[in-house]
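Structure first, commentary second.
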Amino acid sequence: MRPEQVAEYNEEALIIDGFDEALMGVAERINLTPVAAYNVDKILEILIERDGMTSDEALEYFEYNIIGAWMGENTPIFIYTI
């Protein structure tokens with residue numbers, strides 16, 4: 001899915017710059033607006049490969065700067081694959 005496709009579901013859905021490859025699609029729950037859904041494993045992979053982080057650095061960065069950044073009801077969700 002491309003970021004512009006997310007806008008078809010919610011024009012105000014927030015997109016994380018630089019992580020298009022980790023964008024899985026759109027998630028929706030009752031009484032909440034649709035939001036972008038990202039694959040956590042892919043985000044960590046991008047941080048490691050693109051930014052040269054170690055696994056621990058990537059996880060710390062993700063937890064503090066990405067998943068820890070609440071920006072309102074249009075904030076993306078993050079999916080951990082099992």
Side-chain angles (χ1 to χ4, degrees):
M1 176 167 265
R2 295 183 317 275
E4 56 271 11
Q5 291 175 293
V6 175
E8 294 175 19
Y9 295 87
N10 176 3
E11 291 180 359
E12 296 180 16
L14 299 175
I15 301 298
I16 306 170
D17 291 334
F19 292 93
D20 291 356
E21 291 179 38
L23 181 59
M24 296 178 71
V26 174
E28 190 171 7
R29 294 189 314 177
I30 191 163
N31 296 328
L32 297 173
T33 59
V35 294
Y38 286 87
N39 180 313
V40 173
D41 293 329
K42 188 64 180 171
I43 289 174
L44 295 175
E45 180 181 309
I46 291 168
L47 291 170
I48 292 166
E49 292 178 8
R50 182 192 68 196
D51 299 343
M53 295 183 183
T54 66
S55 296
D56 288 340
E57 289 170 334
L59 183 58
E60 183 178 338
Y61 181 90
F62 170 74
E63 289 175 343
Y64 185 79
N65 295 291
I66 298 177
I67 203 169
W70 174 253
M71 296 171 281
E73 68 181 50
N74 293 303
T75 300
I77 66 164
F78 302 94
I79 298 171
Y80 294 87
T81 56
I82 299 173

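In this text the structure is predicted, and so the values were computed from the model without any measurement.
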Any chain of hydrophobic side-chain contacts (each under 4.5 Å) joining [X] to [Y]?
X     : Y     : answer
Leu32 : Met24 : no
Val35 : Tyr9  : no
Ile15 : Ile46 : yes
Val40 : Val26 : yes
Leu44 : Met53 : yes

Flag yes if more than 12 heavy atoms outside Glu4 fall under 6.0 Å of its CD atom; otherwise flag no.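 Result for CD/Glu4: enclosed.
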Using a 3.5 Å cut-off and no angle test, enumerate the donor-acceptor pairs between side-chain atoms of residues 54-68 and protein atoms at least two apart in sequence or in another chain.
unit_1	atom_1	unit_2	atom_2	d
Thr54	OG1	Glu57	N	3.1
Thr54	OG1	Glu57	OE1	3.4
Glu57	OE1	Thr54	N	2.8
Asn65	ND2	Tyr61	O	3.3

Show me, pair by pair, the donor-acceptor contacts under 3.5 angstrom made by side chains of residues 73-82, not counting sequence neighbours?
unit_1	atom_1	unit_2	atom_2	d
Asn74	OD1	Asn10	ND2	2.7
Asn74	OD1	Thr33	OG1	3.4
Thr75	OG1	Met71	N	2.8
Thr75	OG1	Gly72	N	3.2
Thr75	OG1	Gly72	O	2.7
Thr81	OG1	Asp41	OD2	2.6

Do the non-hydrogen side-chain atoms of Leu23 and Arg2 ever get within less than 4.5 Å of each other?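 A side-chain contact under 4.5 Å is absent here.
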State, to 0.1 Å, how close Ile43 and Ala22 come at their nearest heavy-atom pair, and which atoms those are.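 Scanning both residues, the minimum pair turns out to be CG1-CB, 3.6 Å.
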Where do Ala36 and Ala13 come nearest, in terms of heavy atoms and distance?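 Looks like N-CB, 4.4 Å.
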Nearest 0.5 angstrom please: Arg50 CZ to Glu21 CD, how far?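 Spacing of CZ (Arg50) from CD (Glu21) equals 9.0 Å.
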Just by distance, do the side chain of Tyr38 and the backbone of Asp20 share a donor-acceptor pair under 3.5 Å?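 Judged by distance alone, no pair lies under 3.5 Å.
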